[in-house]
Amino acid sequence: MSSPLLLHAESIAKSFSGVPALVDGSLALRAGTVHALCGGNGAGKSTLLNVLMGILKRDAGTIRMEGREVQFDDPHDALNAGVAIISQELEPVPDMSVAENIYLGREPRRRFGLIDHRAMREQAAELLESLGLNLAPDAKLGSLSIADMQMVEIARAISRDARVIIMDEPTSAIGERETELLFTAIERLKARGTGIIYVSHRMNELYRIADDYTIMRDGAYIESGAMADIDRRRLITTVLGKELDEEFAKFNAPGDNTLLEVDGYSRGSAFRDVSLHLKSGEILGIFGLMGSGRSEFLDALFGASPADQGEARLDGNNYRPCRPADAMRAGFAYVTEDRKGSGLVMDASIKRNVTLASIPEVARSGLISEPSENRATLPFVDKLQIKASSVDMPVKQMSGGNQQKVVLAKWLQTDPRILMLDEPTRGVDVGAKREIYAFMSEFARDDRAIIMTSSEIPEVLGMSDRVIVFRKGRVSGELSGDELTQENLVRLSS
Amino acid sequence: AADPVRIGAATYGLQGEFMQLWSNALEDHPAVKSGDVEVTVFDGRYDALVQSNQFDSMITRQYDAILFVPIDADACVGPVIQATAAGIPVVGSNTRCNSDQLASFVGSDDVLAGQMVAEEVIDKIGGNGKVVVIEGPIGQSAQVDRAEGIDSVLAEHPGIEVLERRTANWSRAEALSLMENWLTSHQDEIDGVIAQNDEMAIGAIQAIQASGRSLDDIAVAGVDGITDALKAVQQGQMATILQDAAAQAQGALDVALARLGKADALPLSETWTTYPDLAWNDGQDDTYNIPWTVVTNDNVESLLAQRQQ
Amino acid sequence: MPQPTSLISSDPAPKDNAHRSLATFMSDYGIVVAFIVLCAVLSVVSPYFLGVNNLLNVLRQVSINGVLAIGMTFVILTRGIDLSVGSVMAFAAMVAASFAGTSAGYPLILPILLGLGAGLALGCVNGVMVARFAIPPFVMTLGMLSMARGLTYIYSDGMPISSLSSSFLWLGQGMVAGIPVPVLLFAMVFALAWFTLRYTAFGRYVYAVGGNPAASRLSGIDVRRITFAVYAISGILCGLAGLMIAARTSAALPQAGVAYELDAIAAVVIGGTSLAGGKGRIVGTLFGVLIIGVINNGLDLLGVSSFYQQLVKGAIIVVAVMLDRSRLSNA
Amino acid sequence: MPQPTSLISSDPAPKDNAHRSLATFMSDYGIVVAFIVLCAVLSVVSPYFLGVNNLLNVLRQVSINGVLAIGMTFVILTRGIDLSVGSVMAFAAMVAASFAGTSAGYPLILPILLGLGAGLALGCVNGVMVARFAIPPFVMTLGMLSMARGLTYIYSDGMPISSLSSSFLWLGQGMVAGIPVPVLLFAMVFALAWFTLRYTAFGRYVYAVGGNPAASRLSGIDVRRITFAVYAISGILCGLAGLMIAARTSAALPQAGVAYELDAIAAVVIGGTSLAGGKGRIVGTLFGVLIIGVINNGLDLLGVSSFYQQLVKGAIIVVAVMLDRSRLSNA
Ligand SMILES: Nc1ncnc2c1ncn2[C@@H]1O[C@H](COP(=O)(O)OP(=O)(O)OP(=O)(O)O)[C@@H](O)[C@H]1O
Ligand SMILES: Nc1ncnc2c1ncn2[C@@H]1O[C@H](COP(=O)(O)OP(=O)(O)OP(=O)(O)O)[C@@H](O)[C@H]1O
Ligand SMILES: [Mg+2]
Ligand SMILES: [Mg+2]
């Protein structure tokens, strides 16, 4: 470690209207390495990274690049100094194309400084190709699934030729295959001497690609070292500040009676001829590659965008949801994969979001009282370990993982029978994940059941009683018991 | 029968009662009622550009003649030139237009109205006292001209002090609030209210009444002679200067028909009998100034009766 | 049992609670501070400003815009806008007045119901077109601005309706316990709106629909119905404002309410409600309304000339909002 | 807030490609279709409508609103709004006219530069306050609406300025190769704006800032500068419109341009640009401007009575947009 550090942040502090989010953030990044920044939800990781990028102004602390102190007042300065970020919250420009999003702010130019749309398209196509992504450069971002949006953001950051790339949970919205593409790209970047700060709550990933780690807790630096020197158990313990028992707490047992039957569900080109059934007490996994139509299928089942063919039966009765309210009346709840777009009212407080789907229950003769709202919200705050200064805090001020918990709480509050979870643990830390898993097991009892999709294979394997695999919008197989292996999932889905 | 004569009437805007009376009077003209003449009234929306655009359309449609009540005395020049060049005579009405190409003008002099309204108030308070002036929208020809008239009278009366001078944009509601506030800041100082139109005068009256003051102590006068003002005169609350919308509109139509030579037995309207001093001269004069009438207790009943028809 | 990492029960910022609560207050009520500053300045420069009568005048003068602005707040909270308030008000005033003549002799309730009904009807048309046919609110209500004005002219034949019965005029000019009736009406509407937005399910839905329509729909909220309802509310409040203005000016004028939409929207936006929807408060609107009213009143009291009045009024509005928002620094 | 549409738009699954490209065309150019329908109807009911002279009239009539609407498009694309266009235009007209009198004898370039400069200056004030001091655009430009009108009164002493030199009048009344000069000016501004939005980095940034300010900032775009620039552009175009209107009406009137902001915004919104920013096209604005112009012209040609005109005009605007948007299912 003789050469100066590529990036060195020391004692960074930041508070929001008096509430400290970061008290002592420190991080030392070496060139050509991947540095894992670890911490629970709300530990201050994103805050630190946003300070490094010049998105937030720090209250105290110093940042040095290659030994020289730097001051980024705006992301513009950071970009000029060779720092790029894949931020945790997706920030697409929805009405611009993939190519335009990738090259936003540095469009290829023709003579007279005019934008060369053709070159931009070609370069984007080339870039996407080199990353192994199958995305049309002309597609509008707003029409993509959030996984695809995430890939576009990854492509954008990577193509910047930055010396430091900050990746704040780049994989939370994408599948295993795309994660592999990202890792391949990261290897290439490392070889070029780029330093990467990497945040993820998926431990497997950290052990695969990270060289160093830094652990933060409650806004403060705890320790750092080489990834090779810390085992998984100690990493988790240090991150959470407590011991954690086994990862998948699974103690539900599927019953015999069939709750839900779906027969030949189709909608446009999104999914075709999907038939499945769900038993009481069951956790049914749906697995597939990105874009295989899982989310679209769940949308249809929830009446958000109804199926145009096929039928469904709930307890043997016809179930034909035309809009979410129908599905909710039938006992469905649906945690979507896009918490910012379709899950949360970002400007509203935690408790308003938690009660959003169950206002009639919280209200008494049409009136809502603060106490009844607090009564509805507080148990979830404890149970899901939602970290926030108060239940009146707007959710947009919360860390990503905590926001995810709020979405979950909202739907649990409706006391559903069939809980549909699309990527339920997106951005959730290991501790809270465990709580969610335990909760799922506890939930799937009596005449209740869960349908879950996830791109995290261990989660699918660990939590599902049975898995339906989607491929290109069709069911390509069903796995249960001993057949539930990673190999089978991969085989059936690709 | 032959095709009716098609007349376009370009008004500055139909929002106020006065222009409404003006256009209703057109519809009541004997030649219109008999079907010999067809009039189309255009709402200029208080915008010189809109009026100019409407002239374009009237020229395209080849109206036989245009009656023109411009919003601005200068901005009306271009449209008049265009229409005249297209062979369409333009007869001005109500508001003057600084164009020498106007076929004729049948209207009333706003400067004179300004003088009269100011004199009404000043006479009533006996030549000495404090007044407030409520004006129309700044820069509109009617405001500019009436202000000129008011100023000329004020200049002759050194005993009159102008406490306040503000626009209420011809609006009753605005004048009402304005007067409420002035009655607060000037308490009992105000002796008279000179309003450039009746709507604003009525707003002022309502504020005075609401404040518990007596209209015997404050002289109010407005211009136009709208129906509510006539009623107020009847009750001794104000004075108004009647601008005869019917005479202006119907007289202008008579003149236009005369210039077109399309009708015999002119003039058809009552204008010329109502104002015997106004010489018809076969409709060939450049200017017909319809006299203003001060509305008093003596003539208000008959005016109101006319209005009810 | 895992130890709760939740911070909610424990005190968040022991360090400088005082600082924080001031900051919170300022960010919540900055507009109140701006209002107080404005009033303080006015009471120094004009000895009349603080008089009881003058303050009642201000309240009476703002009450019509106040009622419109409250309806507008509902609409804007759902990301909408209602440009038609002035015209709809004029139409309702005309309908009501046509049944409130001294000679007609109908009971007072008839013009009231018909006025409110006329406003409600046009508001419902706005609501249906926006909620059901997805016409952008700006376009729909701009169309209604024009259509309602046309209806007013057609209904009234372009002439004002005056000679209203004194019981009707009481709505605009009467007093109850020393307080002008329009002020009481405004106060009632305000209280009802405040209560609705704060304590009722409907109020929650209004915020939610404006904050995130997609999430609201997925949460089982009938987004269309809420959207429809806010325009209906705005419509019925236009009806009430129509009764008030006809009664205050003793006549229904076909040209009444031209450009009132700007003042109503201004009050809402000055009050801190975001045109992007989902964020804002009715108390803010109240102070927005009051700020506009106090500026107008103050300029009249001070006798600022017509020429300078507009300049000063515009500048004060900008400065007041600047005072309010200056603390929001970081993006 | 950008919303990935996966859950809201129930995309009707492209069954066949032909159907789909028609759908795409309709969704991109629905307003063109609405315009063509409108023109077809008008040319059937009025034999004068399709005359060359009348079409030139329409173009001349829309050119001032057109120039304002183009500036407005830039502003709205960044999620802003400019309510001050009418007043700023009036101020610029007054400044220019005061140097364009027949007697003054200044070269034509002087009033032109001063008029544009006056518009630009006020636009820059809007820009600074919105971009630098984060005053909500609605409030800032509403303040400017009032302030610029006040400045116009003060500058002109409340009197119109007429007797303008014939070289100046040429800007509003002249012809070049059979085409009215205002139409040429509008065409030039349109072409420039179209080109700018499409081919320059600045144009892309305008979209980006409106589409997602946070993303734009993260991409190193100077969001404040872009925001400032759009208000400056709107300002200078108000200046141009001021020259055009003074030259066309042969006078600068202190009351000119009242409520023009509504027509300009309407053209932009009818043209499909979203008030939420980031989405829309200048071609849409062109057709929005044309639709409004054709409605006004058509109603005048048909001699629709002014009472019914407002009703019909409002209804046509709504129907045109309904035609355009009927395919887009709900939100
Ligand atoms: N704009 C804000 N206003 C107030 N508090 C904020 C704001 N942004 C973040 N915080 C608070 O700062 C703390 C740290 O948040 P941060 O987003 O940095 O966490 P994180 O480590 O990235 O968590 P996660 O793993 O869930 O993404 C949280 O308690 C959060 O509530
Ligand atoms: N709004 C939309 N408009 C058009 N196509 C869409 C839309 N949303 C999704 N799709 C497409 O529908 C297909 C199925 O997407 P879906 O989101 O259901 O996949 P998924 O299996 O859940 O994968 P992901 O991990 O991306 O969520 C994809 O090809 C996707 O691009
Ligand atoms: Mg984070
Ligand atoms: Mg999915």
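Chain A is the first sequence line, chain B the second, and so forth, proteins listed ahead of strands; every chain is numbered from 1. Quick note: numbers below take in every heavy atom, side chains included, and nothing from hydrogens, waters or symmetry partners.
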Discussion item. Using the side-chain hydrogen bond (donor to acceptor under 3.5 Å, both in side chains) criterion, which residues pair with B:Gln51? Sequence neighbours excluded.
Written reply: none
Worksheet item: D:Asp300 and B:Phe42: which non-hydrogen atoms are nearest, and at how many Å?
Response: O-CE2, 3.5 Å
Worksheet item: Can a donor-acceptor pair be found between the side chains of B:Asp74 and D:Ser162 at a distance below 3.5 Å?
Response: yes
Worksheet, complete the sentence: Nearest heavy-atom contact between B:Gly139 and D:Pro160 is O-CG, 3.7 Å
Practice prompt. Find the one option among B:Asp43, B:Val50, B:Leu49 whose heavy-atom pairs under 4.5 Å with chain D are most numerous.
Written response: B:Leu49
Item to complete: Would you name the heavy atoms of B:Ile138 and D:Gly158 that are closest together and state the gap between them?
Response: CG2-CA, 3.4 Å
Worksheet item: Taking the side chain from D:Gln255 and the backbone from B:Asp47, do they hold a donor-acceptor pair closer than 3.5 Å?
Response: no
Discussion item. Heavy-atom cut-off 4.5 Å, strictly under: side chain, backbone, both or neither for D:Asn296 against chain B?
Written reply: side chain
Fill in: D:Arg60 versus chain B, the contacting section by heavy-atom distance below 4.5 Å
side chain
Worksheet, complete the sentence: Turns out that what part of B:Leu14 lies under 4.5 Å from chain D's heavy atoms comes down to side chain
Worksheet, complete the sentence: What one should report as the nearest heavy-atom pair of B:Ser57 and D:Gln61 is OG-NE2, 4.5 Å
Worksheet item: Quick one: what part of B:Gln20 sits under 4.5 Å from any heavy atom of chain D, side chain, backbone, both or neither?
Response: side chain
Item to complete: Measure B:Asp56 against the heavy atoms of chain D and call it side chain, backbone, both or neither at under 4.5 Å.
Response: both
Worksheet item: Rounded to the nearest 0.5 Å, how far apart are OG of D:Ser250 and CD1 of B:Ile81?
Response: 7.0 Å
Worksheet entry | Proximal component of D:Ile245, with respect to chain B [non-hydrogen, under 4.5 Å] | side chain
Worksheet item: Non-hydrogen atoms of chain B under 4.5 Å away: do they reach the side chain of D:Leu56, the backbone, both or neither?
Response: neither
Worksheet, complete the sentence: In terms of heavy-atom pairs under 4.5 Å with chain D, the winner among B:Ala73, B:Gly78, B:Pro137, B:Pro79 is B:Pro137
Item to complete: Against chain B, label D:Asn53 side chain, backbone, both or neither, depending on which of its atoms sit under 4.5 Å from a heavy atom there.
Response: neither
Worksheet entry | Region of D:Leu299 that comes under 4.5 Å of a non-hydrogen atom in chain B | neither
Fill in: Residue selection (most heavy-atom pairs with chain D, distance under 4.5 Å) from B:Thr40, B:Asn53, B:Ile71
B:Asn53
Practice prompt. Kindly give the heavy-atom pair with the smallest separation between D:Arg248 and B:Ser52, and that separation in Å.
Written response: NH2-OG, 3.3 Å
Discussion item. Please identify, among B:Gln140, B:Gln54, B:Gln62, the residue contributing the most non-hydrogen atom pairs under 4.5 Å to chain D.
Written reply: B:Gln54
Worksheet item: CE of B:Met58 to CG of D:Leu301: how many Å apart, nearest 0.5 Å?
Response: 11.0 Å
Worksheet item: Do you know which two heavy atoms are closest between D:Ala251 and B:Ala75, and how far apart they sit?
Response: CB-N, 4.3 Å
